[in-house]
Amino acid sequence: MTPADLSAAIVRILAELQADGRLGEGALPAEVVVERPKNRDHGDWATNVAMQLAGKFGMKPRAFAELLSTELSKVAGVEKVDIAGPGFINLTLSAAAAGELAKAIVEAGDAFGLGTDLAGVKLNLEFVSANPTGPIHMGGTRWAAVGDSLARIFEAQGADVTREYYFNDHGAQIDRFARSLLARAKGQDAPEDGYGGAYIQEIADRVLAETAIDVLNLPEAEAQEFFRSNGVELMFQEIRESLHDFGVDFDVYFHENSLYESKAVERAIERLRELGHIFEAEGAIWLRSTTFGDDRDRVIIKSDGDAAYIAGDIAYYLDKRERGFDQCIYMLGADHHGYVPRMLALCAAFGDEPGKNLEILIGQMVNLVRDGEPVRMSKRAGTVVTMEDLVSVVGVDAARYALARSSIDSQLNIDLEQLQKKTNDNPVFYVQYAFARTKQVAKNAASLGVDHSEFDPSLLSHETESELLAKLTEFPRVIAQAAEFREPHRVARYIEEVAGTYHRWYDQCRVTPLSGAAVESVHRTRLWLNDAAGVVLNNGLRLLGVSAPERM
RNA sequence: GCCCCUAUAGCUCAGGGGAUAGAGCGUCGCUCUCCGGAGGCGAAAGCGCAGGUUCGAAUCCUGCUAGGGGCACCA
């Protein structure tokens, strides 16, 4: 008996009441809210349905609640029904009805928590997409952690997810990158508008070391092109390795340049021209994006004949749609939020539905601080902290967890000193420790002859057992909501609660008998609950891309 | 000037209309005679300001204040 079961039971009862005339005519909801009350005195579960619906049926909330509670008390597994306050209906389940879940979770194992909300949806999730002009910074690192988790959560809801990285290897910033490499290779300072940092020297050296050609004596343009193509490739490899070490592997690394080489840009513009959204003015080619809510029209092909950045976006979006993606989700940093209207406009210009076929998630900046001051610690990148810097200090698990446990709408301040000095303080260890404890308990149980041969859920009657069962029940809903709202941090916060609830239960209820005492049904039954908690912690950590070590 | 995000405990952050606003860390107490004390229990401590909507607002709306990020024929 779960809150979802109770919700369904209430919906069914309402329909029956209406059918036999005890409830007036009116639309009934498809589901009702059944929540864990904050105050345990209010029972195991509570619903506000009476307050929500009474008005629609011309009744007072408490009268509505009376009508409903009479029928609810007849439902198997429901031990007690109370009406409280303005019309809350508080439900108490029998221990047996609540406890069944422990076994169900263990038997479901890795599959516990999975849903079907996104079954059959072909979804493209683009994230990180850092320019290949340097190592991945903290912004990209946050996206790597959040994006990969979100992909896992979508998959847990049945979506067919493609993780995609848009590799901006075309345009002016690449030229600046190439000029910077060339300058450093010649022992000169980086150009005014170029890139600094020790990594430029490293890449330049590697380009020279990996070729037999006397690059530095080539004509300037040829030398720059040589550094461009080889430097970008080296940077690309390095980014891919950093991401892989971070536990993030993309299905598709899409090269912007390929859109130009394949003439996809021209085709996309032609398509928009046919749709009547292109015009020419001042020697440039424009997208009339104001038709679709943008605050100004956008230049696609500049008057000098070069493509503006949005040209690639247009072709890229069309390409994604032609590859069969129903939903294209872009994750961008706050510094790109000005892009949202034009991206949604180009989606609409193709006749698609903005917000559905194309959706943009904006994430706020992340800062590393020490004593309240921004940290600039990277030896390689000079002024910024890279993904590798962070991982080298706190490790992958702590880094991913710290970045994924907060809403992307919040700017994040991560205190490096704290994570550096005492990594035990990181919440990820609290969760991992709880999981390790479930494993240790199971191991001890096995050695003392406590096995899974018995399961009597009515024995799970301790207050902490009720709490733990209720918490574990929520997992499927947490995943569904994390997917719906695109908020992986919900999973992190949830497993922290599970860990706390588990610890409290552990403190009160022994799985193994005291020395000399006999193994009883209650021990065997509790082993199921212990293992159920382990399943949920493990599944939750997996959704975040964080390891679940059996011992720490 | 316009746009986006944020403002909750000493710190980092949850809380998406419900009952007494939570967690981790930090501070101060208590708790190892039995499954890992990296745990548990308790205490002190908080919704930026002003209106509005609602039976009910941290949550929705408006204004203000403060912080961050944006407003190119750059990418």
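Chain naming here is simple, since letters A, B, ... match the order of the sequence lines and numbering starts at 1 in each. All values below were derived from every heavy atom in this structure, side-chain atoms included, with hydrogens, water molecules and symmetry-related copies excluded.
Computed from coordinates, the A/H489 NE2 to B/G22 C1' distance equals 13 Å when rounded to whole Å. The distance from atom NZ of A/K471 to atom P of B/G22 is 12 Å, rounded to the nearest whole Å. Taking atom CZ of A/R40 as the reference point, atom P of B/A19 lies 16 Å away to the nearest angstrom. Separating the CG atom of A/N413 from the P atom of B/C11 is a distance of 12 Å, rounded to the nearest angstrom. Regarding A/D294, its CG atom lies at a distance of 14 Å from the C1' atom of B/C2, rounded to whole Å. Atom CG of A/D82 and atom C1' of B/A19 are 14 Å apart (whole Å). Atom CG of A/L332 and atom P of B/C5 are 14 Å apart (whole Å).
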Determine, stepwise, if the pair A/R526 / A/E520 fulfils salt bridge (charged side-chain N to carboxylate O under 4.0 Å, His left out). CA-CA 10 Å; A/R526 282 177 179 163; A/E520 298 174 20; over 6 Å; no

Working note: A/L468 + A/L460, criterion side-chain contact (heavy atoms from CB on, under 4.5 Å); need CA distance, chi angles, decisive distance, verdict. CA-CA 10 Å; A/L468 183 54; A/L460 298 176; over 6 Å; no

For ring pair (Phe, Tyr, Trp, His ring centres under 6.0 Å), just list the numbers for A/Y166 and A/Y330, CA-CA rounded to whole Å, side-chain angles, deciding distance to a tenth of an Å, and then say yes or no. CA-CA 10 Å; A/Y166 187 48; A/Y330 293 69; 8.3 Å; no

Go through it in stages, so that I can follow the logic: the residues are A/E550 and A/K443, the test is salt bridge (charged side-chain N to carboxylate O under 4.0 Å, His left out), and I'd like the CA-CA distance, side-chain angles, deciding distance and then a yes or no. CA-CA 10 Å; A/E550 298 201 357; A/K443 188 180 287 183; 6.0 Å; no

How does RNA chain B read in dot-bracket, base by base from 5' to 3', with Watson-Crick or G-U pairs under 3.5 Å and | used when the partner is on another strand? (((((((..((((....[...)))).(((((.......)))))....(((((..]....))))))))))))....

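Nucleotides B/C30 and B/U54 are separated by 45 Å at their C1' atoms, to the nearest Å. Nucleotides B/C11 and B/A45 are separated by 16 Å at their P atoms, to the nearest Å. A distance of about 14 Å separates the P atoms of B/A19 and B/G56, rounded to the whole Å. Across B/C34 and B/G26, the matching P atoms stand 25 Å from one another, rounded to whole Å. Straight-line distance between the C1' atoms of B/C47 and B/U59: roughly 10 Å, to the nearest whole Å. For the C1' atom pair drawn from B/G18 and B/A44, the interatomic distance equals 28 Å after rounding to whole Å.
Partners of A/D507 under the side chain to side chain donor-acceptor pair (under 3.5 Å) rule, at least two apart in sequence or in another chain, do not exist in this structure. Taking A/D451 as the reference, A/R524 meet the salt bridge (charged side-chain N to carboxylate O under 4.0 Å, His left out) condition, with sequence neighbours excluded. Partners of A/K439 according to the side chain to side chain donor-acceptor pair (under 3.5 Å) rule, which considers only residues two or more places apart in sequence or in another chain, do not exist here. Looking at residues two or more places apart in sequence or on another chain, you find no salt bridge (charged side-chain N to carboxylate O under 4.0 Å, His left out) involving A/R142. Listed by chain and number, the residues in a side-chain contact (heavy atoms from CB on, under 4.5 Å) with A/S407 are A/D409, A/S410, A/H489 (sequence neighbours excluded). Under the side chain to side chain donor-acceptor pair (under 3.5 Å) criterion, A/R176 pairs with no residue, sequence neighbours left out. With sequence neighbours left out, A/D319 forms a side chain to side chain donor-acceptor pair (under 3.5 Å) with A/R323.
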Heavy-atom contacts, protein to nucleotides 56-61 of chain B, under 4.0 Å, summarised as B (base), S (sugar-phosphate only) or - (none) per nt, yield ------

How would nucleotides 65-71 of chain B be written as a contact map, 5' to 3', with B for base contact, S for sugar-phosphate-only contact and - for no contact, using protein heavy atoms under 4.0 Å? --BBBSS

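Atom-to-atom distance recorded for A/I136:CD1 and A/W143:CH2 is 14.0 Å, nearest 0.5 angstrom. Here the CD1 atom belonging to A/I300 is positioned 6.0 Å from the CG atom belonging to A/L272, to the nearest 0.5 angstrom.
Within the 4.0 angstrom heavy-atom criterion, base atoms lie near A/N90. The residue A/S410 sits close only to the backbone: its heavy atoms come under 4.0 Å of sugar-phosphate atoms, none of a base. Across all strands, A/L412 comes closer than 4.0 Å only to sugar-phosphate atoms, never to a base (heavy-atom distances). Within the nucleic acid shown, A/E487 comes within 4.0 Å of at least one base atom, counting heavy atoms only. When heavy atoms are screened at a 4.0 angstrom cut-off, A/A445 is found touching no nucleic acid atom at all.
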Just the atom pairs and distances: protein N or O near nucleotides 39-42 of chain B's N or O, under 3.5 Å.
from: B/G39; atom 1: O2'; to: A/R437; atom 2: NH1; distance (Å): 2.9
from: B/G40; atom 1: OP1; to: A/Y430; atom 2: OH; distance (Å): 2.8
from: B/G40; atom 1: O2'; to: A/D507; atom 2: OD2; distance (Å): 2.9

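Each of A/I310, A/L344, A/L346, A/D297 was scored for a side chain to side chain contact (heavy atoms under 4.5 Å, CB included) with A/S289, with one residue passing: A/D297.
Under 4.0 angstrom from either OP1 or OP2 of B/C35 there lies no side-chain N or O belonging to A/H523.
For the pair A/K320 and A/F254, the cation-pi criterion (under 6.0 Å, within 45° of the ring axis) is not fulfilled.
For A/E282 and B/C73, a side-chain-to-base donor-acceptor distance below 3.5 Å is present, hydrogens and geometry of angles not being considered. For A/R490 against B/G15, no side-chain N or O and base N or O form a donor-acceptor pair under 3.5 Å.
Closest to the side chain of A/F88, from the set B/G36, B/C73, B/A19, is B/A19.
Syn is the conformation of B/C32, whose glycosidic angle sits no further than 90° from 0.
Applying the ring pair (Phe, Tyr, Trp, His ring centres under 6.0 Å) test to every pair with at least one member in residues 33-53 of chain A, sequence neighbours left out, gives no pairs at all.
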